[in-house]
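Along the sequence shown, the residues carry numbers beginning at 1.
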Amino acid sequence: MLQEIINKNLNRIEKDLLQIKGLQTIDFLDIFPKSEEHRILLDKEISKLAILIEKTERGNVYALNNPIETKYGKLIYIKIRIFDETRLNWEAAADFVVKDRKILMEKVGKDTRFSYIKREKWDAVEFKTDNTLVYFLNPLASEVYGKKL
């Protein structure tokens, strides 16, 4: 089930990602369950393949024992989100590493698909279309969660 969701999401967003200059590798993936029952099944499946790094108010973060090879590089960190009806349009949201984040920051306010999010411990550029929900975080999720392993 996990592999299917990952593949479906990455195939779905491929066309939109071609518009991101300097896209390098996948860094993290949030999976959005379709129901509470689906969340429980996903958590059960991933717990056999990964170690639980952190429980958050938005879901559980895992590090895969064996990274999944994707067309965008190795995926190690996955969060199984709590069920949230506002996320039903997407099966997942991927975080990516880009060569130069400033290029994305320049699009914020000029291109409606790009927005800037600032939180206490991180900030992100969000790229959102009907098909795609992608984030470019600072610091990278892999840097934050890598320290917790």
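With L29 as reference, N9 is the one residue of N9, D95, I76, I68 to meet the side-chain contact (heavy atoms from CB on, under 4.5 Å) rule. When each of K34, K8, R81 is paired with E91, the salt bridge (charged side-chain N to carboxylate O under 4.0 Å, His left out) condition holds for K8 and for no other.
A 4.5 Å side-chain heavy-atom check between D43 and Y62 finds at least one atom pair inside the cut-off. A 4.5 Å side-chain heavy-atom check between D84 and F32 finds every atom pair outside the cut-off. Looking only at side-chain heavy atoms (C-beta outward), V61 and L52 stay at 4.5 Å or farther from each other. For the pair D27/F136, no side-chain contact is recorded, criterion being any heavy-atom separation below 4.5 Å from C-beta on. For the pair H38/I5, a side-chain contact is recorded, criterion being any heavy-atom separation below 4.5 Å from C-beta on. Looking at heavy atoms from C-beta onward, I80 lies in side-chain contact with I46 at the 4.5 angstrom threshold.
Checking side-chain atoms of T132 against main-chain N and O of T129 turns up no donor-acceptor pair under 3.5 Å. A donor-acceptor distance shorter than 3.5 angstrom exists from the side chain of N89 to the backbone of D130, with no hydrogens or angles considered. At distances below 3.5 Å, not a single donor-acceptor pair connects side-chain atoms of D111 with backbone N or O atoms of K107.
Salt-bridge check for R119 with D123: failed, with every basic side-chain N at 4.0 Å or more from each acidic carboxylate O.
Using cut-offs of 30° and 60° on the angle between ring planes, the pair Y72 and F96 is perpendicular.
Note: N60 CG to I31 CD1 = 12.0 Å, rounded to the nearest 0.5 Å. Once rounded to the nearest 0.5 Å, the distance linking CD1 of I20 with CD1 of I103 reads 10.5 Å.
The number of heavy atoms from other shown groups lying within 6.0 Å of CD (E85) does not exceed 12.
Hydrophobic clustering (ILVMFWY, side-chain heavy atoms < 4.5 Å, transitive): Y77 and L64 are in distinct clusters. In the hydrophobic clustering of ILVMFWY residues, with side-chain heavy atoms under 4.5 Å counting as a link, Y135 and V108 come out apart. In the hydrophobic cluster analysis, where Ile, Leu, Val, Met, Phe, Trp and Tyr join through side-chain heavy atoms closer than 4.5 angstrom, V134 is grouped together with Y116. Using a 4.5 Å cut-off between side-chain heavy atoms of Ile, Leu, Val, Met, Phe, Trp and Tyr, with links allowed through other members, L75 and F28 fall into different hydrophobic clusters. Note: the hydrophobic cluster containing I13 also contains V125 (ILVMFWY, side chain heavy atoms under 4.5 Å, direct or indirect links).
Contact detail for L88 and F83: the closest heavy-atom pair is CD2-CE1, 3.9 Å. When every heavy atom of E126 is checked against every heavy atom of K128, the shortest pair comes out as OE1-CD, 3.8 Å. Among all heavy-atom pairs drawn from A124 and R101, the shortest one is CA-NH2, 3.4 Å. M1 and L41 get closest at one heavy-atom pair: CE-CB, 3.8 Å.
Applying the salt bridge (charged side-chain N to carboxylate O under 4.0 Å, His left out) test to E54 and every residue at least two apart in sequence or in another chain returns K148. The side chain to side chain contact (heavy atoms under 4.5 Å, CB included) test applied to K48 returns no partner, not counting sequence neighbours.
Side-chain contact of K71 with N11: a donor-acceptor pair under 3.5 Å is present, judged by distance alone.
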